[in-house]
Number of protein chains: 2
Amino acid sequence: MKEISDYTQKNAGRPRSQKAHQAILSATRSLMLETGISKLRIEKVAEKAGVGKTTIYRRWKTKEDLVSEAFGSIADKVQIPNTGNKIEDLLKIAKGMIESVSQSFGVSVQKVTPIILEIISNPELMRMYREQYILPRRQIFTHILEESIESGQIRSDVDIDLVIDQLIGTYFYFALMGEDISTLDNRFRKAAHQLVEGIGTKDFH
Amino acid sequence: MKEISDYTQKNAGRPRSQKAHQAILSATRSLMLETGISKLRIEKVAEKAGVGKTTIYRRWKTKEDLVSEAFGSIADKVQIPNTGNKIEDLLKIAKGMIESVSQSFGVSVQKVTPIILEIISNPELMRMYREQYILPRRQIFTHILEESIESGQIRSDVDIDLVIDQLIGTYFYFALMGEDISTLDNRFRKAAHQLVEGIGTKDFH
DNA sequence: TACATTACGATACGAATCGTATCATAAATA
DNA sequence: TATTTATGATACGATTCGTATCGTAATGTA
């Protein structure tokens, strides 16, 4: 049997319907919001998309493959922010890691955080999320921080990748494991300030 | 029917076996390591514990309740570290959030991180993990940081809870979403140093 | 046009797992 | 001894899974 991922139309036979393809991905996204990933039923996706479940199983080997494409294909290019304030720029990019998803889905952040947690728990989906959502934003972070070094706001000897780890780690901890999302923005701003200015007394170093 | 969680022996009838209770929790922990939580089968737990599945369903309403007790009941008191170096103390506590689990289970950290990710993804299990594993360590963090303020290493105007968020956030990002666990310790140490000393130039503030 | 090929939607199917119900038996109290 | 509750075993209907089968539709080729 032919590998699903190796599919190429061989100029013979009925071609796969692109309309069905998009309908399936759209139905997958819609139902994911209602049930999460673990309770997503392929048969329900088929019903909602108006296709037979055979069509889904023919195109995607596993549910993870389907979800990965449904989720990954809506990620779009990250805009470089320019609020005039570096801290606000950093916040905007950090928030984009989850808000870009909630905006694509047209729902609140609270609706998508459980799904993102499920994605992070699954190695294959995590790979997609890292590549499509995290890494592009790390590049923007790098750009912003390098600008800050050039402008003399940040020391040139700091480990930029590590700073990004600290910012993203703090943001995810707030967004995915926090109990109060309403104060997230201000806590992130203050955390960024503490990182810039340092919490030490300077007497020691 | 009587609520399971409200169970109290009414001085009548055969009492519930405590031996079976512990055997069930132990079997749950053992099988969790092999299959994760989502694929944990109650029937397999019963078989491994040498009890009927009726006994499990009688005592725990849901799989989450069972896992929550099996996991939460092995959390023990957190020791206050005293390595002589505050950064090392912070690292030790942070690592304990995952290493205390791996040590209780007698397996490597890599074996338990997927399970902790599953726990974090489940609101009920996350509540247990927060109460049993995170909050006790936040208290130790607070203790260490207050000591550092008293000794003049850290400024008294810093937001300690926020510093803890930054440390824990960074640690979890490394441990749960990182790709290279071998350098985790050194990256955490360096991140803590960057937070203490600040990444800014002091020319701005 | 006729034929070969592949995709289509519908549906039937066995397998796995779920949580409940039933049962005779065991272990406690009154 | 009688009552009550727990025990382990097992049967059960309900879901969901992924596959197989079917006649039909849509394409390229002879």
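Just the heavy atoms: all of them, side chains too, but no hydrogens, waters or symmetry mates, feed the values below. Below, chains carry the letters A, B, ... as their sequence lines are ordered, and counting in each starts from 1.
OP1 or OP2 of dA6(D) lies within a sub-4.0 Å distance of a side-chain N or O belonging to Arg16(B). For Arg14(B), no side-chain nitrogen or oxygen approaches OP1 or OP2 of dT4(D) to under 4.0 Å. Residue Arg41(B) has a polar side-chain atom (N or O) positioned under 4.0 Å from OP1 or OP2 of dC18(C). OP1 or OP2 of dA6(D) has not a single side-chain nitrogen or oxygen of Thr55(B) nearer than 4.0 Å.
In terms of polar N and O atoms assigned as donor or acceptor, the side chain of Ser17(B) never comes within less than 3.5 Å of the base of dA6(D) in a complementary pairing.
When distances are taken from the side chain of Val51(B) to each of dA6(D), dG8(D), dA26(D), the shortest belongs to dG8(D). The nucleotide whose nearest atom lies closest to any side-chain atom of Lys53(A) is, among dC18(C), dT19(D), dT4(D), dT19(D).
The residue Ile56(A) sits apart from the nucleic acid: no heavy atom pair falls under 4.0 Å.
Nearest-nucleotide assignment on DNA chain D puts the 5′-proximal partner with Lys44(A), out of Thr54(A) and Lys44(A).
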Report the C-alpha distance between Tyr173(A) and Tyr171(B) in whole Å, list the side-chain angles of each, state the deciding distance to 0.1 Å, and finish with yes or no for side chain to side chain contact (heavy atoms under 4.5 Å, CB included). CA-CA 10 Å; Tyr173(A) 184 62; Tyr171(B) 173 74; over 6 Å; no
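If you take CD1 of Ile24(A) and C1' of dG9(C), they are 11 Å apart, rounded to a whole angstrom. Rounded to whole Å, the distance from OH on Tyr57(B) to C1' on dG8(D) is 15 Å. Rounded to whole Å, the distance from CD on Gln18(A) to C1' on dA26(D) is 15 Å. Distance CZ (Arg58(B)) to C1' (dA6(D)): 5 Å, rounded to an integer number of Å. The NZ-P distance, from Lys61(B) to dT20(C), rounds to 11 Å in whole Å. Rounded to an integer number of Å, the gap from Glu43(A) CD to dA14(D) P is 17 Å. Look at NZ on Lys39(A): it is 13 Å from P on dC18(C), rounded to the nearest Å. If you measure from atom CD1 of Ile42(A) to atom C1' of dT15(D), you get 15 Å, rounded to the nearest angstrom.
Electrostatic pairing of Arg41(B) and Glu47(B) does not count as a salt bridge here, judged by no charged N lying under 4.0 Å from a carboxylate O. With respect to Asp185(B) and Lys190(B), no salt bridge is recorded, no charged nitrogen being found less than 4.0 Å from a carboxylate O. A salt bridge is absent between Lys39(B) and Glu34(B): the closest approach of a Lys/Arg side-chain nitrogen to an acidic carboxylate oxygen does not fall below 4.0 angstrom.
Remark: Arg187(A) is positioned above the aromatic ring of Phe174(A), its terminal NZ or CZ atom under 6.0 angstrom from the ring centre and at most 45 degrees off the axis.
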